[in-house]
Each structure stands twice: as C-alpha cells, then as structure tokens.
Amino acid sequence: MVEASSDTAPAPSQSRSLLKRLAGPSSTKAGLTNDQSDINRIIAEASKGSKYYENEKKKDKELTERIKRLLQTQNAATKEADLVQVESTVSHLLIELESLRDTSQIIVHIDADAFFANCELLYNPDLKGKPFGVGKGVLTTASYEARKFGVRSGMAAFIAKKLCPELILLSIHPQRYSDMSKKVMAILARYDPDMLVASCDEAYLNITEYCERHNMTAEECVSEMRRIVQEETKLTVSAGIAPNRMLSKICSDKNKPNGQFHLPFNSQAIKDFMVDLPVRKVPGIGRVLERMLESIGVTTCGDIFTHRVSIALLDKEFGLRFMLQTYLGIASNVVRPHSREERKSIGAERTFHPLADKDKILQKLEEVAEELENDMTETGWAGRTVTLKYKLDDYQVFTRAKSFERWITNKTGKELLLPELPLKIRLIGLRVTKLKDLKLSTDSGIKRYFSGPTEQTSPRKKRKISSENHQDVDYNWEDCILLDGDEEDCETLEDELLSLTKLASPRASAALEGAVPPHECKPVSAKAAGKKRSIESQISCPLCGEELNTNDNQKVNAHIDFCLSREAIQEAEGQSPDAKAKSKSQANAWSWFLDPKTKPRSKGK
DNA sequence: GCGGATCAC
DNA sequence: TATGGTGATCCGC
C-alpha cells in the first residue's frame, strides 16, 4: 500500500515533495509554461544550504512522517471497521448533501488579473510586455511575462532573479492599489450592492436579481461588467459564473487572464466538472492536505468518491462532509458583505535582520506594539487576549498568549517574551483576540456611561472603513491607508470603564451549519434568504425514484438502505471487475453519481 | 484557554 | 544579498 512513488533515477523519495514545497504554495497557479521540474530544481539549487531551506526540509520530513502515521491509522481502521456499514453511512451522507444542492442563485467570482502588476503598468506603460515583479524582498505578484519563467507571488526576489535575470523589480505602492481597488469594486457593486469583497482584488456577487431585472443572461451580464471595468479602469478582470462560491472561484481561474467561464447550472454538469479537477484547486485544500490525500490515492475530486470509505475512516484528518461536498460541487452560495462584528482579531508583525541582543529585541517589540496600538485606536477595537509570536533565526515559529480580565488596547507582550529569552529572533508579532468593538460603546458624550450596547448611530464623523474592507491581502498597510487622518475623540478608554461595559452584541449565528473542512470553514449553501426559490421538503429516492419525506429521517434511511442492498445484490449477480479508478469503473449502486445515463431525476420544481 | 498548524490572499 | 504580513480556523491538550 505504501508505494514509495520514486519515479525517476536520482530522486530520493523525499526530495520530490521538498522540491515542490520549495517552489512555494502558489506553484499550482496560473501561467506556468516551462517545465515545472526544471524550475523547481533551480529554486532548490538557489535555496540550498540556507536556514530557510533547512527549515523547509524539516517541515517536509515531518509531513512525511505524519503521512506515515496516517496510513497506519488507515490500515488499522480498515481492519477493524465494518466497511459495508461505513459505505452505507457515506451513501446516506451523499444523498443528504445532494438534496441540499441549490442551483437557484447565480454566483460570480471576480478576480483581477495580476492586480498589483497591472496597476503598476498604468503608471509605467513602458513595462508592457516585459517580465517584472512587484515587491522588494518577497514578490507580491509577477507580470504574466515573468510568470513564464516560473516567477510567482510569494517568491523571494533573489530566487526570481535566478529564474529570470531580466526581471525588473518594482517597489510596492499600496495607495495605488487601494485606489484602483475602490474603483473596481464600485463598478461591481452596481451589479450586486450586497457583494462580498473578499480581498482587494477579488469579489463575489450574486447577480440573480440583476439578470432578472435587466432580462440578461449571466454571461451577458458578466461580459458587460468586465467590459465596463476595463473601460473605466484600464484593468482586466476574470470571472467565474456558477451556482456557488467555491465553483465560481474555481471557474474564474479557468480562462484567466481577461476571460470568463460559465459552468452549466445542473447537477450532472457540475459533477462532470469536478471529476477531473485536481483537489488542490479547491479552496481550503492546500499543500498539506493535498499530500495527505495523494497518499491515499486521491488527486482529483473524482477520486474522493473512489476512496470515500478511506476518507470516512479518516474523517478527523480529512473532514468527510467537506470532502463529499467537494466531490459533489456543493458549497455555500451566500453572498453578503463582511460585517464589522465578524472580526476576530487584530495584529501586527514585523520581520527584521535576526537579533540576539535583548534590548534590541525589546525595541522591536515596542515598535510592533505601538503599531498595533495605533491601529486599534484608529479602528476602534479592544480585546482580552494578547498573543505574542516570534520566529527564530532558523524559521521556527512560536506563540505565547495571555488573557486578561479587562479590555486592553495596548500591551507590549513583554512579560510573554522575557521568559523566552535569550533567543535569536527574526520576527516579532502581536495579536489581540476576544475583541470588543469600541465603536458600539464609545459614542460621544455621557451616552456611554448609561447606555448598554448602543446602536451604531453615532452622528459624529463617520470613518471611511467600509465594513467589508479590513481584509487586505498581500500588503498590510491598507488599514492605515483606508483610514487616513481623523483622530478626534479616540482617547484611550479607561480599563475600569471598559471592564464594566459588557459585550452584549448578539451573535447572530448564521443560518445553516455546514461541512467542516480541516481548516477553512464556512457555512454551507443556504437557499439565500430573501432571494427567491422555495425549499423542497420532498426528495425522491435516488435509487428507485420513490418520493420520500425528508422530515422523517428514520424512514428515509431505512428506505435507502433497502434500495442499496437491493442494488448491491443486483451488482453482485452480473459484475465484471474492471477497476479503472475512473468514472465508469464505479459499477456499483453509486454509478448514478457519475454516470449521466443512470442519473436519477430527483428534485421537483 | 493555550500552542501548533494550515490556509487564503 | 540570506524567503512577508493579516486574519481565520481547527485540533489536541
């Protein structure tokens, strides 16, 4: 079972994953034409021997060992478990999930093409057609010409130079990107005022209403949107049109740059689309999960079905529900702006030349603390827990946290750091969690003494920070930029007072609970509140077509079990084992999940 | 509640 | 020449 996939000659099984790891997390992204293994080799060559390299090597080894344990767990579980039972459970889950599929909403993911790079192009038209990167020590983005050489965002500049000696390096101009981002977003908002701004260059829109009102198809609408963005900003964006956020995001990558992709809105087309999709393309599946899945034979989303029993046995590691949803192409279709109260933490961190001197380290700590404190007062947050983060000379990262009784707006974290010294440190960060929103209780005048949590009706000067936008990417200055100068009545609050004002904002728990991917976690699809469509309370049995009342789970389960066993018997009677691992070979009761011909016609309306 | 990890951008 | 910063979530303890 543990095949040590050593392909060619001089590659110790370890270094293949290490080479890939060194290539960085975005190595599966767009625009790689050169031979990736060549590029990876150059990258590894340039990194060799550095502390960074050694740390990556160590992490790669740890992951390899983790996978070894994973496979042992799998073996043990396979021996002990009732596999028929497990498969049946999975089957029920698949049916349940399928019944939740909602294709009534048109979700669009808009993604600006090489955003920072194209912004720079507006200021330096001469760069057109040339390979260039944006960023100093580490690149935030690369032009498409540079990407041809294997240059990518997140790559160290000196590595990028090795790959592409002609590479032009530009410094970052946060203000430019912020301005352009606002322009683009303002245009997009015409199509969905409730859009979700995911980052400075990405947004999700629900254009269902807009299309209806203007009697347009989704593709017409998105074409127009993209055309207008280009006309008004000279920037190109790519788009994905699909029934939920995950799919739309994957689709926006399909015809990038300056293109769009529309996924048909029917369950079979969606599943066809997913079958060959590499799991790594799925938001939430990163490098680690990719490798763990690979170790059990899963590289495409279709493989999830093939290996569903293994995944079920390793539910804790993989998140069965999330995996099955991924396989089915089911995810949240809820699009709404980020609200201020959703914020969970605020922090600051800084990398510097490694320091061993205690006073110098404490100096850095002070600087970070001051930065954070300014940010917190400007944006109106206090919190109860402070977490110190530090990275050693050798790239090992540690965190130390402490909670307080009172709300705090400034802490140096000195008491957390001192016991750790002496150390050689290259990064220090502070983060505050258990937040309290001061803007809910710091309204001017005596109001704050008497009122409980007040409405957000402060008549005073409104800050710029549109609730959605504290999620900047790639660069961290945006908060400050978006908030430029106004500082009145931001006096520091007395701890005593703060400790009295109890946080009372009711946390509206979101509609539906959903699948739990190992790391990212979002609510699953909801039949978008207030947006058309009804919820069907009936589903029909996918196997025999009989109408089932979903309110009576017991009966549904019993019925499906019955159908499953019946089909299993039929299968057993006329079966030719021809396991190809792909679609057709799944000649069992579940073939209808993959095979168009046996597709059930479930779902009325 | 704390610390380590993973992930996205 | 020597590999970023912000924020979120989950797991194990």
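Chain letters run A, B, ... following the sequence lines, proteins first, then strands; residues in each count from 1.
For A:Lys20 and A:Glu294, the salt-bridge test fails: no basic side-chain N is under 4.0 Å from an acidic carboxylate O. Taking 4.0 Å as the cut-off between side-chain N and carboxylate O, A:Arg291 and A:Asp60 count as a salt-bridged pair.
Separating the NZ atom of A:Lys59 from the P atom of B:dA5 is a distance of 9 Å, rounded to the nearest angstrom. Across the protein-nucleic acid pair, A:Lys281 atom NZ and B:dC9 atom P stand 12 Å apart, rounded to whole Å. Rounded to whole Å, the distance from CD on A:Glu420 to P on B:dG4 is 9 Å. Across the protein-nucleic acid pair, A:Lys424 atom NZ and C:dA2 atom P stand 13 Å apart, rounded to whole Å. Rounded to a whole Å, the CZ atom of A:Arg152 is 16 Å from the P atom of B:dC9. If you take CG of A:Leu435 and C1' of C:dG7, they are 11 Å apart, rounded to a whole angstrom. Summarising the geometry, the separation between CG on A:Leu320 and P on C:dC10 is reported as 16 Å, rounded to the nearest angstrom. Between A:Leu196 atom CG and B:dA8 atom C1' the separation is 13 Å, expressed in whole Å.
Across A:Ser252, A:Ser238, A:Ser248, a single residue satisfies side-chain hydrogen bond (donor to acceptor under 3.5 Å, both in side chains) together with A:His109, and that is A:Ser252.
The side chain of A:Lys389 approaches C:dT6 more closely than any other nucleotide in the set C:dG7, C:dT6, B:dG3. For A:Phe158, whose side chain is taken as the heavy atoms from C-beta onward, the closest listed nucleotide among B:dG4, C:dT1, B:dC9 is C:dT1. Each of B:dC7, C:dG5, B:dA5 was ranked by its minimum atom distance to the side chain of A:Glu349; first place goes to C:dG5. With C:dT3, B:dA8, B:dC2 as the candidates, the nucleotide lying closest to the side chain of A:Ala401 is B:dC2. Closest approach to the A:Val288 side chain among C:dT3, B:dC7, B:dC9 is made by B:dC7 (side chain taken as heavy atoms from C-beta onward). Between C:dT6, C:dA8, C:dT3, one nucleotide has an atom nearer to the side chain of A:Lys344 than all others, and that is C:dA8. Closest approach to the A:Arg431 side chain among C:dT3, B:dC2, C:dT6 is made by C:dT6 (side chain taken as heavy atoms from C-beta onward). Checking B:dG1, C:dA8, C:dT1 against the side-chain heavy atoms of A:Arg384 singles out B:dG1 as nearest. Checked against B:dC9, B:dG3, C:dG12, the side chain of A:Arg400 finds its nearest nucleotide in B:dG3. Considering only side-chain atoms of A:Lys434, the nucleotide from B:dG1, B:dC7, C:dG7 that sits closest is B:dG1.
We find the OH-NZ distance between A:Tyr395 and A:Lys59 to be 10.5 Å, quoted to the nearest 0.5 Å.
When the side-chain nitrogen and oxygen atoms of A:Arg426 are compared with OP1 and OP2 of C:dT3, one or more of them lie within a distance under 4.0 Å. The shortest distance between the side-chain N/O atoms of A:Ser345 and the OP1/OP2 oxygens of C:dG7 is not below 4.0 Å. Regarding contacts with the backbone of B:dC2, a side-chain N or O of A:Ser403 is found under 4.0 angstrom from either OP1 or OP2. A:Lys249 has a side-chain polar atom (N or O) that falls below the 4.0 Å cut-off from OP1 or OP2 of B:dC9.
Residue A:Arg291 is classed as having no contact, given no heavy-atom separation below 4.0 Å to the nucleic acid. No contact: A:Gly137 has no heavy atom under 4.0 Å from any strand. Counting non-hydrogen atoms under 4.0 angstrom, A:Lys136 reaches nothing in the nucleic acid. Within 4.0 Å of A:Ile159, counting heavy atoms only, lies at least one base atom of the nucleic acid. Within 4.0 Å (heavy atoms only), A:Ser47 reaches at least one base atom of the nucleic acid. Using a 4.0 Å heavy-atom criterion, one finds that A:Tyr395 contacts the sugar-phosphate atoms exclusively. If you check every strand for non-hydrogen atoms under 4.0 Å, A:Ala157 touches nothing.
Residues satisfying the salt bridge (charged side-chain N to carboxylate O under 4.0 Å, His left out) test with A:Lys389, not counting sequence neighbours, are A:Glu349. Considering only residues two or more places apart in sequence or on other chains, A:Lys51 meets the salt bridge (charged side-chain N to carboxylate O under 4.0 Å, His left out) condition with A:Asp393.
For C:dT3 and B:dA8, the P atoms lie 24 Å apart once the distance is rounded to whole Å.
The cationic atom of A:Lys411 (NZ for Lys, CZ for Arg) lies less than 6.0 Å from the six-membered ring centre of A:Phe404 and within 45° of the ring axis.
Each of A:Arg21 and A:Glu202 has a nearest nucleotide on DNA chain B; the 5'-most of these lies closest to A:Arg21.
For A:Thr351 and C:dT3, a side-chain-to-base donor-acceptor distance below 3.5 Å is absent, hydrogens and geometry of angles not being considered.
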